[in-house]
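Heavy atoms only: backbone and side chains are in, while hydrogens, waters and symmetry mates are out.
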Amino acid sequence: MRRRALVVEDDAEVVEQIEDTLCSIRHDFNWVVTQQDARKALETEDFDYVLLDLEIPAKSPKGKPSKEFGANVLADIRRIKRDRRPPVIVMSGHVG
């Protein structure tokens, strides 16, 4: 059985690197860019784990990323996946 990840990341170059790594260990993944898309994916699908960039846009990929929106995804995971919360690996390029 293949593991399945939800990747929440707004930088396509970072996702390319993540994709290489996940493919090498034979894990499947869904990629979403915004808090809104992450919420929809969590409501409709199950994941073995989540790779979460903290600085993502709320609704539109053209929106300004904020750490607040990544933190909201963490709250969404707790709320939506009460009984089967997947582990979350938080990623960020934010320094300082």
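Applying the side chain to side chain donor-acceptor pair (under 3.5 Å) test to Asp11 and every residue at least two apart in sequence or in another chain returns nothing. Qualifying salt bridge (charged side-chain N to carboxylate O under 4.0 Å, His left out) partners for Arg26, counting only residues two or more places apart in sequence or in other chains: none. In terms of the salt bridge (charged side-chain N to carboxylate O under 4.0 Å, His left out) criterion, residue partners of Lys81 (sequence neighbours excluded) are, by chain and number, Asp46. In this view, Arg4 and Glu45 satisfy the salt bridge (charged side-chain N to carboxylate O under 4.0 Å, His left out) rule, not counting sequence neighbours. Applying the side-chain contact (heavy atoms from CB on, under 4.5 Å) test to Ala58 and every residue at least two apart in sequence or in another chain returns Gln35, Phe69.
Closest approach of Gly63 to Pro57, counting heavy atoms only: O-CB, 3.7 Å. Nearest heavy-atom pair across Ala38 and Val8 is CB-CG2, 4.0 Å.
Within the structure, ring pair (Phe, Tyr, Trp, His ring centres under 6.0 Å) pairs that include any residue of residues 19-47 comprise His27-Tyr49 (at least two apart or interchain).
The CD atom of Glu55 sits 12.0 Å away from atom CE of Met91, with the distance rounded to the nearest 0.5 Å. In this structure, the separation between CG on Leu74 and CG on Leu54 is 6.5 Å, given to the nearest 0.5 Å. A distance of 9.5 Å separates CG of Leu51 from CD of Glu9, quoted to the nearest 0.5 Å. Atom NZ of Lys64 sits about 12.5 Å away from atom CG of Asp10, to the nearest 0.5 Å. Going from atom CG of Leu6 over to atom CD1 of Ile77 covers 7.0 Å, rounded to the nearest 0.5 Å. Here CD1 of Ile56 is found 11.0 Å from CD of Gln36. Values are rounded to the nearest 0.5 Å.
Val14 places none of its side-chain heavy atoms less than 4.5 Å from the side chain of Asp53.
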Please table the atom pairs, donor to acceptor, closer than 3.5 Å between any side-chain atom in residues 82-90 and protein atoms at least two apart or in another chain.
unit_1, atom_1, unit_2, atom_2, d
Arg82, NE, Arg79, O, 3.3

Please set out all donor-acceptor pairs under 3.5 angstrom arising from side-chain atoms of residues 15-25, sequence neighbours excluded.
unit_1, atom_1, unit_2, atom_2, d
Thr21, OG1, Gln17, O, 3.2
Ser24, OG, Thr21, O, 2.7

